[in-house]
Every structure is written in C-alpha cells, then in structure tokens.
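Following: one structure in structure tokens, then a few remarks.
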Amino acid sequence: MFTMIPQLVIDAVGIAAAFLLMYGLWRMSSPVTAPTGIKVAGVGMLVAVVASFLYVFSVSAAAKPHLPVNLALAGIALAIGGGLAWWSGRKVAMTAMPQMVAIYNGMGGGAAGAIAAMELFGNRAHGITQLGVTLLGALIGAVSLSGSLIAWAKLQGVLNRPLRIKGQQIINAVVMLVTLVVGFYIMFIVQSGMTPIMPMQGLIWLFFGCAMLFGILMTLPIGGADMPVVISIYNAFTGLAVGLEGFVLQTPALMIAGMLVGAAGILLTLLMAKAMNRSVSNVLFTNFGDVVKQKQGAIKGSLKTTAAGDAGIAMRYASTVIIVPGYGLAAAQGQQKLYEFVKLLISAGVKVRFAVHPVAGRMPGQMDVLLAEAGVPYDLIFQLEDINDDFATTDVVLVIGANDVVNPSARSDKTSPIFGMPILNADKAKQVYVVKRGEGKGYAGIVNPLFYADNCNMVYGDAQAVMVGMIEAVRGLGLSAAA
Amino acid sequence: MTIDGFVAIYIFMLAAFAGWVIIGRVPAILHTPLMSGSNFVHGIVVIGGLYALLNASTVLEQCIGFVAVLLGAGNAAGGYAVTDRMLAMFQTSGHQPAHAAHKAGSHRRKTTPPKKG
C-alpha cells in the first residue's frame, strides 16, 4: 500500500502540471495576460520536476544499487543544464533570440532522443507498438537536434551560405531510407529473436547516426531567410518526439504537453509559411536562393535622396505617419532613437502608428518584441491586415530597415520571386521615406520598384544616425516654433 | 496505470486539438514569445529524463540519462528565461484605444458597451 503513494502523488502532480502548462499557454494569447501566463506554466514545470524525484521509491531492482549515484548525477545535470541555459537566456540580446530558441529546441529534441536511446539499449520496450513508437520518437528527436543546431549555426553566422550539392534530394532520400530500414530491422530482430548481422548496440548507434545526418542534410540547403519556418517545424518535431516518448514511459503529462506543442508548432509553421507566401514543402525542398536571378531594367524612375533632417521635418508637419520597421533597424540598434523620435512627433500632435509585417525580423513577431524592448506600447503596433487599408490616406510612411515587405512587385510582377506575398502597401501613401544603409538589395536580393517611385525619397545612412538627425531637426524646429 | 492503444490515441487527439485551438487565437504580435513559450512547454521532457536516469543500471545508461536530464533542463530553464523576459517588455501607453490589432486580446479587456436606451 505504501509503495503506491509516491506513484499516486506523481500522477496527481502530472495532471496539475499538464493543466498549468495548457492554461499558461492559453493566457499567452493576449499581451495583457501573457506575462502571468508564462509564470503559471513555470509553476507547472517546477512542481512536475520536484515530484518526479518520487520515482526513487519505484526504481527497478537492477537500478537500486546505483540510486545514490544516479541521484547525484540528476542533481548535477539539472544544475548545469538549467543553470547554463538560464544564464544564457537572461543575457542574450533580443536580436539573437531566434538562434537561442533554436538551441533550446534542439536540446529538447536531444533529450527525447536520449530517453529513446535508453529504452532501446536497455531493451525495455514492451511489445512491437511501444518499440515502434520509441523508434519514431527517436528519429524525430534526433532530426530535431541536429537540424536545430544547423539552424543555430546559420542564424549565428557560423555557416553563412546555403550549402547545395547536386543530387541533394536523392542523397537525403537515401539517408532517410537507410534510417527507416535500420529502424525496421531493429524491430524485426527484437520481435523474431534472431541474431542480427551486427551487434544490437551498433545497430542503434547507426540508427541515431543516420537520423542526425538526415537532420543536417535537410537543413543545410535552406537559406537564412527561411530559418524561422525551419525552427518552427523543429519546434513541432520536438513536441511530437516528447509526446511519443511520453507514451513509451507511460507519462500522460509528457504525452499531453508534447502533442500540444506538436499541433501548435504545425499551425504556427503554416501561418508563417502563409505570411511568406510559400508552402512548407516549398521551403524545405526547393532552393529559394537560386530563383533570385531576375532580369532587371524594367524599372521606371530614379532614386531620389533626401537629408535626414528634411524627412524628419516633413513628418513633424504631417498629420498621419506610419512607420514600417524592418530587421535593418534592429541591426543598427536604432529602436530606442526611433521611439524617441516617435514620442516627439506624438507630442507635436502627429498620429503615429507602427505597421509590422508578419515576417519582419528573423522570426515572426520578432519585430514586435524588439519594439517592445525599446518601450513602444503595443497598442501603437498594428499588424498587416489591420492597417493595410490606411496607407492610402496616410501623409508620410517611414520605411526603416525594411525592403521586401514593402516591395510592390509582390502585387504586380508575376516574374518576381516574391509575387503573391502579402506586402504592406507603403507605396500608396502620399510620401514615402526609405531609410537604408546604402544602395543595395534586401535580404532576398530582389530589386524594389518602390524606391524608384515618384512619391519615394531615400535617406541613406545608418538607421541610428539617421534617427538622431531627424530628432535634432525636429527639436530645433520645436524650440523656434514654441518661442 | 497503463495507457495503451486507443486510450493513447484519444489523449494525443485531444491534446493536439487543444494546441491547435490555443495557438489559433494568439495575435501575430505575440508569435515570437509564443514560439519560445511552446518551446518551454516541451521542456517537460526533463521529467522523462529524470525517470530514465533514476532507473539507469549500467554506465552507458547513466551517461545517456545524464545527457537527457542535462538537455531537458536546458530546454525548460532557457525557454522560461527568454519567454519571461520578452513578455515582460510588452506594455501599453495607458490610453488603450480599442482597435482591431489585438482582436484576440480585446475580448478580455473590460470595455463597457454603450447602453442601448
């Protein structure tokens, strides 16, 4: 009877944890309740981890003698893994957030893979279904681990160009096929009790090796611009792997939390791919960067430049201004100065709003976070579908560090690689100012006809320096006007 | 308690449905914190790692179990740290105009509808 109590507590805490994690995510659906949402989920995680130490009362006979060592190992692993990740998570710059999420995600996939490895090496699975689920979880977890690491390397700039070799897709298919064959062979051997062609441990290592190789090969050819979609897919993968291993370990909390994230991740991936006007298979299996050999010359008009101060003054005397920020703003660390400028405009009675494209930044919603970090209240930030009709009635649009998301050829030019992508209709405003570092192409390397339009002026320079110029011009104006 | 066959499929189906519905109502402005938040949620894998490590009986198993807990703890702690940090940054300017940008959020906001007389 006594031996049942710890398991009962674990089960009860598991239910509570699953509820708290789900409720926490639920609260994250609004900026008002989101900060408490993550704390609710955190409490769920904490009680679940503490309660799982009750497993010491039910360890298998074989593991009993090792219990003190195992407990010490568990403490050390929790302290090192948790401590390092906590420290890095507190320190990381907001611009580096996508690669940080990729790393944490890869860790989760690796953990799921390691759990599967233990089940396999110890031959613990009961029956063919459990063995199959273990292998499937192992495969997905291992792909997620190695793929996430490649995604991290690409976003961090360690690997800066997509690596493509001829026949890449055939090689990927072969590696996948080998992985599956090894997996099925393991199932066959365990089920039939026959002697395998090589030691079982070797087979299991081969299985994990092939799965991780597949993750690497699958991620290498994908360009940096598509990495957010890839991270989102691997996020869903890790969720699925965790859910499957939860079934193997007979832990409902893992099953629920894992599958929850699996489904959420798939939906998020689809939303992101839609915002980029790409299908998910298009992201994964075509070489986007190659399409961008577009013939140029059909562009009418010329580039006109304006000084930062003049553009700033024009906005001061406008009645409505919309700001379209892009990653270039964050790269130049210009958010603080931009918001300072916006506050000046607002105090002068100008109606200022921010228009954020779904794929602005290196990760959907990253621009929102970067603006929030600079102190911009979220009720000034509008999403594409809510503000796009207002551009036509707006006096001045300030495009800063963004390019492809305001490229009108996405609407009109069928030969453009971004044709069909929803864009912000900045070109419809009465006047557009584009702040850019220099005459170059955007992240995707596509020419932008907006820059050559009659109602558009370019302000060249570092985003932060340009913002300082605008602030000074408006300040100088304000003093004389007030006097 | 054993969960097998169809019971497992029921659990998976309901959890998947819940995930789909919960994420479907998150406004785009929160997509990054949401991604790291859901990333944090699958950090629950650390519990499976703890179970595996405590039941380890060979050196190889102890090594793998150690890695499982190490990585799982990193997933959970790191995911929490970055999500909490990001969400703490979101603030309003005080005068909240009830505009459409936060459709999903606005129904929670207490707005007094004009009384029909």
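First the proteins, then the strands, lettered A, B, ... as listed; each starts at 1.
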* Pick from B:V46, B:I44, B:I47: which one makes a side chain to side chain contact (heavy atoms under 4.5 Å, CB included) with A:V242? -> B:I44
* **Portion of A:L270 that has a non-hydrogen atom of chain B nearer than 4.5 angstrom** => side chain
* Which region of A:E373, side chain (C-beta onward) or backbone (N, CA, C, O), has a non-hydrogen atom less than 4.5 Å from a non-hydrogen atom of chain B, or is it both or neither? -> both
* Structure fact -> For A:A74 and B:L50, the nearest pair of non-hydrogen atoms, with its separation, is CB-CD2, 3.8 Å
* Asked: A:M97 versus chain B, heavy atoms under 4.5 Å apart: side chain, backbone, both or neither?
  -> side chain
* To do: Rounded to the nearest 0.5 Å, what's the gap from CD1 on B:I22 to CG on A:L267? Could you check?
  => 11.5 Å
* **Nearest heavy atoms of A:M259 and B:A15, plus distance in Å** => CB-CB, 3.8 Å
* Structure fact -> Under 4.5 Å to a heavy atom of chain B? For A:I231 that would be both
* In Å and rounded to the nearest 0.5 Å, what is the CG to CG distance from B:L70 to A:L84? -> 8.0 Å
* Taking the side chain as every heavy atom from C-beta outward, state whether A:Y378 and B:I29 have any atom pair closer than 4.5 Å. => yes
* Asked: With a 4.5 Å limit on heavy-atom distance, are the side chains of A:M45 and B:Y80 in contact?
  -> no
* Asked: In terms of heavy-atom pairs under 4.5 Å, which option from A:G265, A:G113, A:P35, A:A111 contacts chain B the most?
  -> A:A111
* Structure fact -> Interface check, chain A: of B:A8, B:G72, B:P33, most non-hydrogen pairs under 4.5 Å belong to B:A8
* To do: Side chain from CB out, backbone as N, CA, C, O: work out which of these in B:I64 comes under 4.5 Å of a heavy atom of chain A, or both, or neither.
  => both
* Asked: What pairs meet the side-chain hydrogen bond (donor to acceptor under 3.5 Å, both in side chains) rule with one or both residues in residues 105-120 of chain A, with sequence neighbours excluded?
  -> A:N105-A:S148, A:N105-A:T238, A:N105-B:H42
* Asked: Minimum heavy-atom separation for B:A73 to A:G82, with atom names?
  -> CB-N, 3.7 Å
* Looking only at atom types and distance, does a side-chain atom of B:T32 sit under 3.5 Å from a main-chain N or O of A:Q366, one as donor and one as acceptor? -> yes
* Structure fact -> Taking every heavy atom of B:A16 against every heavy atom of A:A263, the minimum-distance pair comes out as O-CB, 3.1 Å
* Can you tell me if A:N70 uses its side chain to pair, donor with acceptor, with the backbone of B:N55 under 3.5 Å? -> no
* Flag side-chain contact, heavy atom, 4.5 Å: B:F66 against A:I76 -> yes
* Structure fact -> Of all heavy-atom pairs linking A:A62 and B:S57, the shortest is O-CB, 3.6 Å
* Asked: Going by heavy atoms in the side chains, are B:H31 and A:L268 under 4.5 Å from each other?
  -> yes
* side chain to side chain contact (heavy atoms under 4.5 Å, CB included) between B:Q62 and A:V69, worked out -> CA-CA 9 Å; B:Q62 283 174 326; A:V69 179; 3.9 Å; yes
* To the nearest 0.5 Å, tell me how far B:S38 OG sits from A:L25 CG. => 6.5 Å
* Asked: Hey, does A:F247 have a side-chain heavy atom less than 4.5 Å from the side chain of B:F12?
  -> yes
* When only pairs under 4.5 Å are counted, which of B:I23, B:V67, B:T58 shares the most heavy-atom pairs with chain A? -> B:I23
* In terms of heavy-atom pairs under 4.5 Å, which option from B:D84, B:L30, B:L54 contacts chain A the most? -> B:L54
* Among B:A52, B:A88, B:G65, residue most engaged with chain A (heavy-atom pairs, under 4.5 Å) -> B:A52
* Yes or no on side chain to side chain contact (heavy atoms under 4.5 Å, CB included) for B:F90 and A:V32, after CA distance, side-chain angles and deciding distance? -> CA-CA 8 Å; B:F90 283 91; A:V32 183; over 6 Å; no
* **Step-by-step side chain to side chain contact (heavy atoms under 4.5 Å, CB included) determination, B:M89 to A:M94** => CA-CA 11 Å; B:M89 289 170 185; A:M94 282 297 147; 3.2 Å; yes
* Among the listed options A:I256, A:N235, A:I115, the residue most often paired with chain B at heavy-atom distances under 4.5 Å -> A:N235
* Structure fact -> For B:S36 and A:V101 the tightest heavy-atom approach is CB-CG2, 3.8 Å
* Atom group of A:K91 that falls short of 4.5 Å from chain B, counting heavy atoms -> backbone
* side-chain hydrogen bond (donor to acceptor under 3.5 Å, both in side chains): pairs with one or both residues in residues 42-64 of chain A, sequence neighbours excluded -> none
* Asked: What part of A:Q201 gets closer than 4.5 Å to chain B, counting heavy atoms only: side chain, backbone, both or neither?
  -> side chain
* Is a side-chain donor or acceptor of B:R85 paired with a backbone partner of A:V92 at a separation under 3.5 angstrom? -> yes
* Does atom OH of B:Y51 have more than 12 heavy-atom neighbours from other groups under 6.0 Å away? -> no
* How about A:S232 and B:M35: do any of their side-chain heavy atoms sit closer than 4.5 Å? -> yes
* Structure fact -> Output for pair (A:S29 OG, B:L34 CG), nearest 0.5 Å, gives 9.5 Å
* To do: With rounding to the nearest 0.5 Å, note down the distance linking CG in A:D368 to CE in B:M86.
  => 11.5 Å
* Measure distances from B:L14 to the heavy atoms of chain A and classify the residue's part below 4.5 Å as side chain, backbone, both or neither. => neither
* Counting heavy-atom pairs under 4.5 Å to chain B, which of A:G108, A:G37, A:G24, A:A17 comes out on top? -> A:G108
* Residue A:V369 versus chain B: region with a heavy atom under 4.5 Å -> both
* Side chain / backbone / both / neither for B:I11 at chain A, heavy atoms under 4.5 Å -> side chain
* To do: Could you tell me the separation between the NE2 atom of A:H66 and the CG atom of B:L53, rounded to the nearest 0.5 Å?
  => 12.0 Å
